[in-house]
Amino acid sequence: ITNNPNLIASTNQIDELSKKIVTVIPTKNEQEGISALFAFNPDNDIETNSKLMEESYLSISSGFVAISSRNVKLNGVDIKKNNYFGILDKIVHKTGKNKLEVLNSLIKNNIEEEKFITIFSKDKLNSTETEKIESLLNNYEIEIIYGGQSLQEFLISAEWMEKKWK
């Protein structure tokens, strides 16, 4: 599981360098990698697992909320230094001064309510912050997990409520 598009080409060479049977799952971020891991079943053969893991990570929408370290223009959107910005599926959808408002707008305006949303937070959230997110997104099935990632304030993964793994 690569979790980074820059690693896919080099990890595809592992099979040639190893005597073991290796399959690369070319995920492009942590959210895709986690989705792929949940599809893994140790009772399945490698081909079945590879197929299920690929189907799983390709079926999610992923995004994040981060703070800009400088003034920048991404996808035609001006983002000011020290403002938060929300990206979903590689497109900037929202900017603002409040990370919870950016998170709320990013999800409500771009993700269908039929999806299950996992939010990985950079910092451990107190109960007030968790309750605020839950109340803002009360029409969604959400799970908030401490992720501890170093850059993004929130990583977001949205997937259909029912996955059909075997």
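Remember, predicted model here, so these are calculated numbers, not experimental data.
- The CG atom of N109 lies 8.0 Å from the NZ atom of K94; values are rounded to the nearest 0.5 Å.
- For N126 (side chain) and T128 (main-chain N/O), a donor-acceptor pair under 3.5 Å exists by modelled atom type.
- In terms of modelled atom types and a separation under 3.5 Å, the side chain of S35 and the main chain of S56 share a donor-acceptor contact.
- Connection of I34 to I145 is established within a shared hydrophobic cluster, with ILVMFWY side chains joined at heavy-atom distances below 4.5 Å, either directly or through further cluster members.
- No side-chain donor-acceptor contact under 3.5 Å links N104 to the backbone of L100.
- Counting all heavy atoms, side chain and backbone alike, T11 lies closest to V24 at O-CG2, 3.1 Å.
- Of the inter-residue distances, the one linking I156 atom CD1 with N29 atom CG reads 11.0 Å to the nearest 0.5 angstrom.
- Side chains of N83 and T95: a donor-acceptor N/O pair is absent below 3.5 angstrom, by distance only.
- For the pair T23 and S50, the tightest heavy-atom approach, listed with the atom from each and the gap, is CG2-OG, 3.0 Å.
- With no hydrogens or angles considered, no side-chain donor-acceptor pair links S157 and T118 at under 3.5 Å.
- Here N110 contributes atom CG and E112 contributes atom CD; the two are 10.5 Å apart, rounded to the nearest 0.5 Å.
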Test log, rule side-chain contact (heavy atoms from CB on, under 4.5 Å), inputs K115 and S61: CA-CA 10 Å; K115 293 201 175 183; S61 290; 3.8 Å; yes
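- Hydrophobic clustering, with ILVMFWY side chains joined whenever heavy atoms are under 4.5 angstrom apart, groups Y84 together with I144.
- V72 and I91 fall into different hydrophobic clusters, where Ile, Leu, Val, Met, Phe, Trp and Tyr side chains are chained together by heavy-atom contacts under 4.5 Å.
- When the options V65, L74, I67 are evaluated for a side-chain contact (heavy atoms from CB on, under 4.5 Å) with F85, the one that passes is L74.
- Considering all non-hydrogen atoms of both residues, G86 and V102 come closest at N-CG1, 3.6 Å.
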Worked verdict on F154 versus K122 for side-chain contact (heavy atoms from CB on, under 4.5 Å): CA-CA 6 Å; F154 300 106; K122 175 181 179 177; over 6 Å; no
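- Among all heavy-atom pairs drawn from I1 and G33, the shortest one is CG2-CA, 3.6 Å.
- Inter-residue side-chain proximity for E129 and D123 is flagged as unmet; no heavy-atom pair is nearer than 4.5 Å.
- In this structure, I21 places its CD1 atom where only 12 or fewer heavy-atom neighbours from other residues, nucleotides or ligands lie under 6.0 Å away.
- By the 4.5 Å heavy-atom criterion applied to side chains, Q31 and I60 are counted as neighbours.
- Under the 3.5 Å distance criterion, the side-chain polar atoms of K108 are matched with a main-chain donor or acceptor of L136.
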Working note: V22 + L17, criterion side-chain contact (heavy atoms from CB on, under 4.5 Å); need CA distance, chi angles, decisive distance, verdict. CA-CA 10 Å; V22 178; L17 302 172; over 6 Å; no
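- Y140 OH to E134 CD: the interatomic distance, rounded to the nearest 0.5 Å, is 15.0 Å.
- When atom types are taken as modelled, the side chain of N75 and the backbone of V77 share no donor-acceptor pair closer than 3.5 angstrom.
- A donor-acceptor contact closer than 3.5 angstrom links the side chains of T48 and D45.
- Residue L155 holds its CG atom at 8.5 Å from CZ of F64, rounded to the nearest 0.5 Å.
- At most 12 non-hydrogen atoms from other residues, nucleotides or ligands lie less than 6.0 angstrom from NZ of K51.
- A side-chain donor-acceptor contact under 3.5 Å links Q149 to the backbone of F120.
- The CG atom of N49 sits 12.5 Å away from atom CD of E54, with the distance rounded to the nearest 0.5 Å.
- At distances below 3.5 Å, at least one donor-acceptor pair connects side-chain atoms of S10 with backbone N or O atoms of L7.
- When atom types are taken as modelled, the side chain of Y57 and the backbone of A39 share no donor-acceptor pair closer than 3.5 angstrom.
- In this structure a side-chain-to-backbone donor-acceptor pair under 3.5 Å is missing from E32 to S62.
- Formation of a donor-acceptor pair under 3.5 Å by the N71 side chain with backbone atoms of K81 is found in this model.
- No continuous path of ILVMFWY side-chain contacts below 4.5 Å connects I133 to Y146, so the two sit in separate hydrophobic clusters.
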Which is it for T27 and M53 under the side-chain contact (heavy atoms from CB on, under 4.5 Å) test, yes or no, and what are the steps along the way? CA-CA 10 Å; T27 59; M53 292 170 81; over 6 Å; no
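- Checked against K28 for a side-chain contact (heavy atoms from CB on, under 4.5 Å), the options N4, N3, I8 give a single hit: I8.
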